[in-house]
Structures are given as C-alpha cells and as structure tokens.
> 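First the structure, which I've put down as structure tokens, then a few questions once you've had a look.
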Amino acid sequence: MRSRGVIARVPAKVNLQLSVGPLGSDGYHEVTTVFQAISLFDDVSVATAAIGNGLTIDISGQTSMGVPVDSSNLAIMAAELMIKNYDLPKDLAIKLKKEIPVAGGMAGGSADAAGVIVGLDSLFELGLSRDEMESIGSQIGSDVPFSICGGVAIGTGRGDQITPALAKGTYFWALALSGQGLSTPAVYQECDRLREGLSISTPQVSESLMQALRAGDAKALGKSLTNDLQSAACSLRPALRLILDVGVDYGALGGIVSGSGPTVAFLVSSEEHAMDLTVALSASGVVSSVVRASGPVSGARIIESF
Ligand code: ATP
C-alpha cells in the first residue's frame, strides 16, 4: 500500500559568490551565483488528509516564529501549484519543522517549497525528474531549484537556472545570526541606489572561486567569497560590518553576508575552529546567536515514509 505521508529534509544555503547584474526591464536583476548547501535543515512532512479538510499547515521548530500560515507561505504555494499541475487531492496536511533562520538570506522559505515538491512527487509516485521539479520550483522562487538540487551549484538567470558544480572536500561554517531579518527586495533596492550612475556588466562566475572548490582549498575559497549585495545589506544594517570585522579578526578564512543577509557566514578551517569562532563572536556581544554547519550536503531528500 502507498504511504500516507513522507518527510523531506531540506538544507539551507550560503552563496559563495553572488554577482548582481543591471536591473532588467522586468524589474529583476540577472545574477550569477554559486550556492553551497549546508547542514541546517527544515523537515517538511506532507500527508494525505480526510476529504474536506483542505490544505493545512502546521509550523514548529526553533525558527518557526513569524512564519506565515496563510497562502503566502511558500510551502502552501508549492502545494497549490503541484495540486493544479498534477491533479492531486486537495486535502493535504503539511508540517514544517524549521531550523533554518527566517529572512536570513539562507533560503528558508524556498527550502520548504522544495520539500513540498519533492515530498509530493514521492508520495504520489509522480516520477518527476530533478529538472522537472526544479522548473516547478522556479515558479515559486529563485532559490527553490537549488534547494532541490543541493551540493554546490552555479545559478544563473534569476539564480534559478542551476548547473551542479564540481567541488572537493567539506567546508566548515560559523553563521552569525541576527535577531531581525532583512527583506530581500529592500536589499536589492538599496543595491540599485548605491550603484546609481555606475555601469554594471553582466555577471560572470569567479574562476578563482571555482578553482578553489575544485582543489578543495578552504583558504583560497575564503579569499574568493564575494557578494554584490553585501554593501547594501551593511548599509541597511551597519552592525553587519562590525560582525564581519570581528570574525576576520578572530581568524576566519573568509566572511561574507549570505545572500541578502543579515546572516554573516564565516568560513573556518575545522569544526574546532568553528567552535572557537562561535565563542569569540558570542563574547563580542555584536551577534545575537551563532550556529555551526558544514557543507556541501545533498538537496531535498526523503528521510521517512509513514
Ligand atoms: P532567500 O535567501 O531565498 O532570499 P531568506 O532566507 O532571506 O530567503 P526566507 O526565510 O525564505 O528568507 O523568508 C523570507 C520571508 O518569506 C519571511 O519573512 C516570511 O514572511 C516569508 N515566508 C513565506 N514562506 C515561508 C516559510 N515557509 N518559511 C519562512 N519564511 C517564509
């Protein structure tokens, strides 16, 4: 008998490179980004429900506060799209167990949408290819395809056209979290404001970054981390500069605002180094909390059927 429900585990991401092109006439920026999936996870359960129950969502976990429970939740949007596209039953129960920071530049909402897509594919034995699931995901948000793919990958277009990339080794991160999120559209707007009058070229993948990844060279990777949104995020939240300085002073191999922030991701040389930096950042009083993670890890995958 087919299972009643499944649980998909989906990772957070950091952007090792985020290069932002000029603002297009459609209001979007063309970006070139290199993602790495890291070991902070949301668990997304999808299950069939009694007829008439409709689509429901229940949200728990360390980072569940303030996450919308209405149709603006990306997990609900993904479920509605899957129901429509594949004529699935409308009575479904979604449960999110959240560990990924909300509005932290780590694709938390996108992870949940990815979990729903992969979960429903498995639950209803749709047999969708990864490409098909990524293409559905891109209709929900730019980061959803990478949340499905995982590992290390290059994102082009709006960051939603994903090409897996070759990477060696495991990388360790200390992530400085902020108590309050930053809005992605607000950060892009600030980026446009700061760049007004400058001529912006089409973004390219950083060759030194790809070389560092191919060699498994964490030191070289640390030096190659770049984010065009960093100045904008720091302009909106000046404390981020202080956090970046503290991390680098305490020996991080590199530090970068993740995506649109405000999470600051520090690359470190080992788990012990991550622990040392965690202590230093916490003691500095400039960070509300620090979590450790490593990557790359795989994208959305089923961990349980019930
Ligand atoms: P990205 O890195 O993809 O730009 P982010 O990590 O900065 O995203 P999210 O955690 O995805 O940001 O949340 C951004 C906003 O999306 C939140 O403030 C919240 O209102 C909304 N949202 C919708 N669905 C979810 C969800 N399932 N989990 C978290 N936030 C969600």
Side-chain angles (χ1 to χ4, degrees), residues 12-38 104-107 110 131 134-135 137-167 171 173 182-215 217 220-237 240-241 244 254-265 267 295-296 299:
K13 58 87 179 166
V14 290
N15 301 81
L16 307 175
Q17 175 190 350
L18 178 53
S19 299
V20 179
L23 180 63
S25 53
D26 58 357
Y28 283 89
H29 297 81
E30 187 181 342
V31 305
T32 293
T33 187
V34 180
F35 295 106
Q36 183 179 106
I38 60 166
M106 302 187 77
S110 304
D131 275 359
E134 287 181 11
S135 150
S138 71
Q139 296 169 51
I140 305 290
S142 310
D143 288 340
V144 182
F146 177 70
S147 300
I148 293 171
C149 172
V152 175
I154 296 168
T156 53
R158 293 179 189 175
D160 58 339
Q161 306 299 313
I162 297 296
T163 311
L166 203 63
Y171 300 87
W173 298 93
L182 269 177
S183 140
T184 304
V187 175
Y188 270 97
Q189 256 170 38
E190 180 66 1
C191 175
D192 290 335
R193 193 186 70 77
L194 293 174
R195 301 201 305 194
E196 217 170 315
L198 300 177
S199 96
I200 308 296
S201 47
T202 307
Q204 306 290 331
V205 179
S206 154
E207 201 30 60
S208 65
L209 185 121
M210 297 316 289
Q211 173 59 35
L213 285 170
R214 281 193 295 268
D217 184 341
L221 183 66
K223 291 199 185 98
S224 301
L225 301 172
T226 55
N227 180 359
D228 284 353
L229 292 179
Q230 183 155 307
S231 305
C234 290
S235 163
L236 295 176
R237 188 71 64 77
L240 296 183
R241 280 189 226 285
L244 282 160
I256 198 168
V257 169
S258 179
S260 54
T263 301
V264 179
L267 184 65

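Keep in mind the model is a prediction, meaning the values are calculated, not measured.
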> For residues G155 and I162, report the shortest heavy-atom separation together with the two atoms involved.
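Smallest heavy-atom distance, with atoms named: CA-CD1, 4.1 Å.
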> Would you check, one step at a time, whether the test side-chain contact (heavy atoms from CB on, under 4.5 Å) holds for V34 with L213?
CA-CA 11 Å; V34 180; L213 285 170; 4.1 Å; yes
> Between CE of M210 and CD1 of I154, what distance do you get to the nearest 0.5 Å?
4.0 Å
> What are the two closest non-hydrogen atoms of I256 and N15, and how far apart are they?
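Smallest interatomic distance, heavy atoms only, reads CD1-O, 4.1 Å.
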> Hey, does the side chain of S235 reach the backbone of S231 with a donor-acceptor pair shorter than 3.5 angstrom?
no
> For residues S142 and D160, is any side-chain donor paired with an opposing acceptor at under 3.5 Å?
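The answer is no; no qualifying pair exists.
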> Looking only at side-chain N and O atoms, does S19 offer a donor or acceptor that is under 3.5 Å from a partner on Q17?
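Yes, S19 and Q17 have a side-chain donor paired with an acceptor closer than 3.5 Å.
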> Are the side chain of Q230 and the backbone N or O of V257 linked by a donor-acceptor pair below 3.5 Å?
yes
> Among V20, I200, L229, D228, find the one that has a side chain to side chain contact (heavy atoms under 4.5 Å, CB included) with H29.
V20
> Any donor and acceptor pair, going by atom type alone, linking the side chain of T32 with main-chain N or O of T156 inside 3.5 Å?
no
> What distance do L18 atom CG and S258 atom OG have between them, rounded to the nearest 0.5 Å?
9.0 Å
> Provide the closest heavy-atom pair for L240 versus A233 in the form atom of the first, atom of the second, distance.
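Answer, listing the atom of L240 first, then A233: CD1-O, 3.8 Å.
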> Return the minimal non-hydrogen interatomic distance between F146 and A37, and the atom names on each side.
CZ-N, 3.4 Å
> Between D217 and K223, does any side-chain N to carboxylate O distance fall below 4.0 Å?
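Salt bridge absent between D217 and K223.
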> Is any side-chain heavy atom of P203 closer than 4.5 Å to one of T33?
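Heavy-atom side-chain distance check fails, nothing below 4.5 Å.
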> I would like to know whether Q36 and I38 meet side-chain contact (heavy atoms from CB on, under 4.5 Å); could you show each step before the answer?
CA-CA 6 Å; Q36 183 179 106; I38 60 166; 3.8 Å; yes
> Does the distance from a Lys or Arg side-chain N to an Asp or Glu carboxylate O, for E190 and R193, drop under 4.0 Å?
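Yes.
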> Any side-chain heavy atom of R158 sitting closer than 4.5 Å to one from V31?
no
> Which distance, rounded to the nearest 0.5 Å, do you find between the CG of L23 and the OH of Y188?
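Between L23 CG and Y188 OH, I get 11.0 Å after rounding to 0.5 Å.
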> Restricting to non-hydrogen atoms, name the atom on S110 and the atom on D143 that form the minimum distance, rounded to 0.1 Å.
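So the minimum-distance heavy-atom pair works out to OG-CB, 3.3 Å.
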> Check E134 against P145 and note the closest heavy-atom contact, atom names and distance.
O-CG, 3.4 Å
> Do the side chain of S206 and the main chain of L209 share a donor and acceptor less than 3.5 angstrom apart?
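At least one qualifying donor-acceptor pair exists.
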> Could you state the interatomic distance from CD (Q211) to CG (L221), rounded to the nearest 0.5 Å?
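So the gap between those two atoms works out to 11.5 Å.
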> Can a side-chain donor-acceptor contact be found between T184 and S260 if the only test is distance below 3.5 angstrom?
yes
> For a side-chain contact (heavy atoms from CB on, under 4.5 Å) check, start with the C-alpha distance between V152 and F35, then their side-chain angles and the critical distance, and finish with the verdict.
CA-CA 6 Å; V152 175; F35 295 106; over 6 Å; no
